[in-house]
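Each chain gets a letter, A, B and so on, in the order the sequences are listed, and its residues count up from 1.
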Number of protein chains: 2
Amino acid sequence: MKRITIKNIAKALGYSVGTVSKALSNSHEISSLTKVKIQNFAHENGYQSNQYAKLLRKGRTNIIGMIVPSIGNPFFSQILEGIEREMSETAYNLIIMQSVDDPQLELKHLEMLSKKGADAIVIAATGNSISLKYLRKLKNEGTPIVLIDRTNYDINTYKIGIDNFKVVYEGISQLINRGKRKILFISNLSPGTSSERRRGYIQCLRDFDIAYNSNYVLSIETNRRRIDVLDQLKNHLTHFVNSSTPPQAIFTASDQLTYLTLEALHTIGISVPDRLALIGFANFQYTNIFQPSLSSIVQPSREIGSQAFAILHKILDSSDNEIATQYQNIELQASILTRKSSE
Amino acid sequence: MKRITIKNIAKALGYSVGTVSKALSNSHEISSLTKVKIQNFAHENGYQSNQYAKLLRKGRTNIIGMIVPSIGNPFFSQILEGIEREMSETAYNLIIMQSVDDPQLELKHLEMLSKKGADAIVIAATGNSISLKYLRKLKNEGTPIVLIDRTNYDINTYKIGIDNFKVVYEGISQLINRGKRKILFISNLSPGTSSERRRGYIQCLRDFDIAYNSNYVLSIETNRRRIDVLDQLKNHLTHFVNSSTPPQAIFTASDQLTYLTLEALHTIGISVPDRLALIGFANFQYTNIFQPSLSSIVQPSREIGSQAFAILHKILDSSDNEIATQYQNIELQASILTRKSSE
DNA sequence: CTGTTAGCGCTTTCAC
DNA sequence: GTGAAAGCGCTAACAG
């Protein structure tokens with residue numbers, strides 16, 4: 001399957017490789033007649049430039065590395081969709097890796113990306129300090145870093161997420177307006193988003209003059225087998241509903257927790273929203289066919305992806321590496337789909 | 001961020017590049033003392049070999065191209081998960097593209113993959129004849145091709161899917177055993193899986209002595225906006241339930257159709273399973289919290305991914321390209337989760 | 001055991 | 001306008 005090369009073309013047409021190279025990149029130094037001849041020949045013979053020779057020469061790889069906790073999570077797969085759509089017909093290559101929220105694995109992936117010479121990195125980071133340190137190192141060596149989703153980390157770089165405080169505040173106020181005052185807030189341990197979301201919860205309670213009860217803030221270790229997470233939730237929830245002051249509503253601060261909480265409630269026989277209302281983050285496209293139809297906080301996941309690529313595209317394409325980099329912290333708007341589960 | 005190269009090491013240690021190269025690849029030609037010195041130095045200074053120089057030299061790219069209809073579809077994102085898990089710490093790079101089931105786009109992606117010099121291709125193909133022709137061409141040029149999910153195409157290559165006939169047959173017989181005799185079969189137009197699934201449906205009816213009624217076989221054009229597909233379904237279903245002989249059950253032959261059919265039924269107010277039972281393909285992990293809990297045909301999606309990579313890994317690693325290639329057609333087993341929607 | 005050298009395909013000075 | 005040649009980082013003959 002011998003590929004045709006610049007050398008072949010040069011020989012076939014009696015030019016030098018230099019001339020062919022320039023003609024193919026439409027250099028102004030080459031006469032239009034020659035350019036036409038060479039370009040036509042290249043086209044007719046299906047010439048494909050060897051990206052790697054090109055990149056080797058330029059000292060680049062055009063690889064964008066991406067690390068997310070789980071590709072199977074609809075939220076992240078949608079972000080991926082957003083990136084792919086923008087990127088597929090460009091010269092960039094995306095390498096995807098899953099950390100499974102495991103700091104060790106995350107670090108290994110980062111090292112691998114560095115080894116592969118990734119020109120940029122997009123990451124929904126675990127927040128592990130060693131990984132963050134590694135990210136800072138890569139950044140200082142000149143690799144642009146984009147934090148997505150979990151942006152609340154101490155690293156000065158590009159960040160794309162949502163206004164977590166605001167959307168949680170809105171979600172909670174909706175519940176309060178529907179008469180719920182005892183609201184359970186369930187989040188995972190990821191420091192990247194949880195604190196802002198919790199802040200939204202607490203501030204909203206305060207603004208409505210509702211006493212804050214720290215027992216109503218649950219942090220779940222989600223980095224383990226599904227069945228174990230489910231068990232944790234079932235235990236906690238059973239305890240809560242049997243307590244003297246059972247909560248009237250639940251707010252779940254991640255996709256996975258929303259689905260699992262609903263599953264746990266089903267399993268232990270708590271009907272939603274009759275006994276307990278529920279609203280939570282959920283990016284699966286069909287939450288309206290859940291039992292009950294789920295009040296969902298939907299993030300602009302595809303846009304997070306496309307914006308991440310847009311930023312990198314711009315940086316990597318600007319030959320001017322010395323540009324005084326302005327790191328942006330983009331906060332997109334999430335939206336609330338109000339449905340039966342929070343009635 | 002100047003990377004350290006073999007040349008640097010050679011100079012620093014007073015060896016030649018050749019020696020360093022061999023030492024790093026643990027060649028037996030090099031004395032162990034030298035190897036230790038060089039390897040230690042490389043390690044301490046964080047030497048990372050330049051993959052692209054290596055690959056350029058070897059005439060390879062180590063790129064595996066993958067084309068799926070949609071990354072956001074849980075079924076495909078899980079396949080992706082399966083591949084990623086096996087691949088992330090290898091020297092291979094995965095490039096993912098979405099065809100959106102659009103033959104034109106699929107062809108463009110294939111051309112792009114060829115241009116990028118992909119060493120192998122994994123595809124859930126639309127079945128478009130021009131794309132298939134292109135795939136055959138790539139195959140004949142030596143690029144291994146693995147068809148996943150949609151395997152029923154006329155191209156002699158590696159195929160990984162499930163036993164569609166069998167699992168549909170089982171699903172339908174379950175419905176029949178529960179007293180449903182009028183069963184609507186809804187599939188999309190993809191020729192890659194629909195025909196086998198339809199065959200399972202028809203054969204099962206025949207074995208149970210139920211007359212086959214072609215009106216009960218619906219093919220839906222799913223390659224369009226969600227709302228339009230939903231409308232199609234609503235129209236068809238409204239028509240069916242108001243007919244003189246309304247169906248008693250529905251079998252949906254793809255994830256997307258399952259979710260949308262359930263949504264359509266909700267919208268037009270048909271309760272499931274009371275008025276109409278439903279069972280269908282669905283790989284979302286939480287179909288038990290659907291309304292009603294959904295009887296689902298679950299495919300071993302992650303395994304499809306990992307097996308695809310395993311095959312390619314083996315082929316691409318065998319330097320012996322002249323090996324008499326035995327194309328396998330792997331049929332994994334799908335399973336049926338029987339729940340409320342088909343009671 | 002170690003060094004030298006050619007060359008993978010391409011771009012980019014620098015000559016002419 | 002075009003050609004010659006160097007070199008990106010690496011491997012693999014081949015020499016010694």
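- Taking atom CG of residue B:Leu56 and atom C1' of nucleotide C:dC10, one finds them 8 Å apart after rounding to whole Å.
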Do any N or O atoms of the protein come closer than 3.5 Å to N or O atoms of nucleotides 13-16 of chain D, and which pairs are they?
unit_1: D:dA13; atom_1: N6; unit_2: B:Lys22; atom_2: NZ; d: 3.3

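- Whole-Å rounding puts the A:Asn50 CG to D:dG9 P distance at 16 Å.
- At the phosphate of D:dC10, neither OP1 nor OP2 sits under 4.0 Å from any side-chain N or O atom of A:Tyr52.
- The neighbour count for B:Lys35 NZ, taken as heavy atoms of other residues, nucleotides or ligands under 6.0 Å away, is above 12.
- Distance CG (B:Leu24) to P (D:dG9): 15 Å, rounded to an integer number of Å.
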_Set out, in order, the CA-CA distance, both residues' side-chain angles and the distance that settles side chain to side chain contact (heavy atoms under 4.5 Å, CB included) for A:Asn8 and A:Thr5, then state yes or no._
CA-CA 5 Å; A:Asn8 301 152; A:Thr5 70; 3.4 Å; yes
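- The distance from atom OH of B:Tyr15 to atom CD1 of B:Ile38, rounded to the nearest 0.5 Å, is 5.5 Å.
- Here the P atom of nucleotide D:dC10 and the CZ atom of B:Arg60 are 18 Å apart, to the nearest Å.
- Rounded to whole angstrom, the span from the NZ atom of A:Lys58 across to the P atom of C:dT13 amounts to 11 Å.
- Distances shown here put every side-chain N or O of A:Tyr47 at or beyond 4.0 Å from the OP1 or OP2 atom of C:dG9.
- Summarising the local packing, NZ of B:Lys115 is surrounded by 12 or fewer heavy atoms from other residues, nucleotides or ligands at distances under 6.0 Å.
- Remark: B:His313 NE2 to B:Glu86 CD distance equals 9.0 Å, nearest 0.5 Å.
- When each of A:Gly14 and B:Ser49 is assigned the nucleotide of DNA chain D with its nearest heavy atom, A:Gly14 is the one assigned upstream, toward the 5' end.
- Nearest-nucleotide positions on DNA chain C place B:Ser31 closer to the 5' end than the other of B:Ala53 and B:Ser31.
- Atom-to-atom, CG of A:Leu13 to P of D:dG1 comes out at 18 Å; the value is rounded to the nearest Å.
- Distances shown here put a side-chain N or O of A:Thr19 below 4.0 Å from the OP1 or OP2 atom of D:dG3.
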N/O donor to acceptor pairs below 3.5 angstrom from side-chain atoms of residues 92-107 of chain B, sequence neighbours left out:
unit_1: B:Tyr92; atom_1: OH; unit_2: B:Asp317; atom_2: OD1; d: 2.6
unit_1: B:Asn93; atom_1: OD1; unit_2: A:Lys116; atom_2: NZ; d: 2.8
unit_1: B:Asn93; atom_1: ND2; unit_2: B:Tyr52; atom_2: OH; d: 3.1
unit_1: B:Gln98; atom_1: OE1; unit_2: B:Ile71; atom_2: N; d: 2.8
unit_1: B:Gln98; atom_1: NE2; unit_2: A:Glu81; atom_2: O; d: 3.4
unit_1: B:Gln98; atom_1: NE2; unit_2: A:Glu84; atom_2: OE1; d: 3.2
unit_1: B:Ser99; atom_1: OG; unit_2: B:Asp101; atom_2: N; d: 3.0
unit_1: B:Asp101; atom_1: OD1; unit_2: B:Arg150; atom_2: NH1; d: 2.9
unit_1: B:Asp101; atom_1: OD2; unit_2: B:Arg150; atom_2: NH2; d: 3.3
unit_1: B:Asp102; atom_1: OD1; unit_2: B:Gln104; atom_2: N; d: 2.9
unit_1: B:Glu106; atom_1: OE1; unit_2: B:Thr126; atom_2: OG1; d: 2.5
unit_1: B:Glu106; atom_1: OE1; unit_2: B:Ser131; atom_2: OG; d: 2.9
unit_1: B:Glu106; atom_1: OE2; unit_2: B:Thr126; atom_2: N; d: 2.9

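- Rounded to an integer number of Å, the gap from NZ of A:Lys35 to C1' of D:dT2 is 13 Å.
- For the atom pair CD1 (B:Ile9) and CG (B:Asn45), the distance works out to 7.0 Å, reported to the nearest 0.5 Å.
- In this structure, the CG atom of B:Leu55 is 13 Å from the P atom of C:dG9, given to the nearest Å.
- Side-chain N/O atoms of B:Ser16 include one lying less than 4.0 angstrom from OP1 or OP2 on C:dG3.
- OP1 or OP2 of D:dT2 lies within a sub-4.0 Å distance of a side-chain N or O belonging to A:Thr34.
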